[in-house]
2 protein chains.
Amino acid sequence: MKIINAITALSALAQETRLEIFGLLVQVGAEGLPAGQIGERFGLPFPTLSFHLSHLKRSGLIDCRREGRSLIYSANYKNMNKLMTYLTENCCQENPAGCDLPAVCESK
Amino acid sequence: MKIINAITALSALAQETRLEIFGLLVQVGAEGLPAGQIGERFGLPFPTLSFHLSHLKRSGLIDCRREGRSLIYSANYKNMNKLMTYLTENCCQENPAGCDLPAVCESK
DNA sequence: TTCATATTTCCAGAATTATATAAATAACGT
DNA sequence: ACGTTATTTATATAATTCTGGAAATATGAA
C-alpha cells in the first residue's frame, strides 16, 4: 500500500459520521445495508449521506452494489486489513521487545 | 476507546507530513528523535513542524520528553494499539468466516 | 409513458485545517 | 546577565472539507 492510499483511507475514517457508518457496516458484514437505511439510522440528509458514502467508497473501505432501486453498501475487509498492515509495517525495528503492538510485533 | 479519541488519532494520521513523521518514529523506537532532526529529515519550517508534532502529541500517538534544549518525540505504541483494537472491535459478528482481518478475526 | 422511490450530483456558504513569518519561551554555556 | 541554540506560540492567509437545498439520474411499477 502506498502512502497516498493510506492517507485516503485514514481521512475517510477520521470523521465522526463516516467512522460511525463504517463501524455499522463492519458489524453488519458482507450483506451490507442500503444507503437509505444507513441515513435513517443516523438522521442524515440525503446529500450529506451521499457525500460521506462516496468518500468511504473512494477510499476503498466500502463497496457498493445495486439491488433494484437500492444501492447496498458493505465493508471491504480486505482493504481495511491492508490499512492495518501499512500502519504497523516497519514497526520498532530497533527494538521489537519494547513494542506494544501485539498482533503484528509479538511475532517478530 | 471512545469514538472521539479514535477520530482524533485517525485525523492525526490522515495527513502526509504527519503520517511520515509517525512512520519514522514508529521505526525509530522508544528512543525517539529530537524535533529538529525530524524537521530536517522532511525539510519543514519550524512552525509547520511544530504544528504537526503537537497535533500528533494531542492525539496520544506520540510522546515528548525534554533532554537539555531538545524535545525528543517518540511513538506511543500503546495508544497506537488501542486505535487498532478500536477499528477492528465488533468486526463481522454476523459472519466471522467471511472476514478478512486476520490478526483480530481469525481468532474468533 | 407516467409516477413513485432511491440515491446522486450541483452548488454555495460555513467550518475546519494547513502553512509560514515574526515574536516569544526555554535551556544551556560563558 | 548575555548570547546562542532549540522549539513553540501568535497570527494571518490559503486551502480543504463539510453541510444541505434544489435539481438531476436511475430503477421499477402501474
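Below, chains carry the letters A, B, ... as their sequence lines are ordered, and counting in each starts from 1. Everything numeric in this text was worked out from a predicted model, so none of it was measured.
- The nearest pair of heavy atoms linking A:I3 to B:E20 is CD1-CG, 3.5 Å.
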With the criterion being N/O to N/O and under 3.5 Å, what pairs connect the protein with nucleotides 23-30 of chain D, and how long is each?
none

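- Residue B:Q15 has a polar side-chain atom (N or O) positioned under 4.0 Å from OP1 or OP2 of C:dT19.
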In sequence, state the C-alpha distance, the side-chain angles, and the governing distance for B:Y73 and B:K57, and then conclude on side-chain contact (heavy atoms from CB on, under 4.5 Å).
CA-CA 9 Å; B:Y73 287 92; B:K57 174 108 181 11; 4.2 Å; yes
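- Residue order along DNA chain D, read from the 5' end via each residue's closest nucleotide, puts B:S70 first among A:S11 and B:S70.
- Using a 4.0 Å heavy-atom criterion, one finds that A:P45 contacts the sugar-phosphate atoms exclusively.
- A:R18 places its CZ atom 12 Å from the C1' atom of D:dT19, with the value rounded to the nearest Å.
- A:L44 places its CG atom 13 Å from the P atom of D:dC18, with the value rounded to the nearest Å.
- Contacts of residues 49-56 of chain A with DNA chain C (heavy atom under 4.0 Å): A:S50.
- Mapping B:Y73 and A:T17 onto DNA chain D by nearest heavy atom places B:Y73 closer to the 5' end of the strand.
- The residues B:E67 and B:R65 are annotated as salt-bridged, a charged nitrogen and a carboxylate oxygen being separated by less than 4.0 angstrom.
- In this structure a side-chain-to-backbone donor-acceptor pair under 3.5 Å is present from B:S59 to B:L56.
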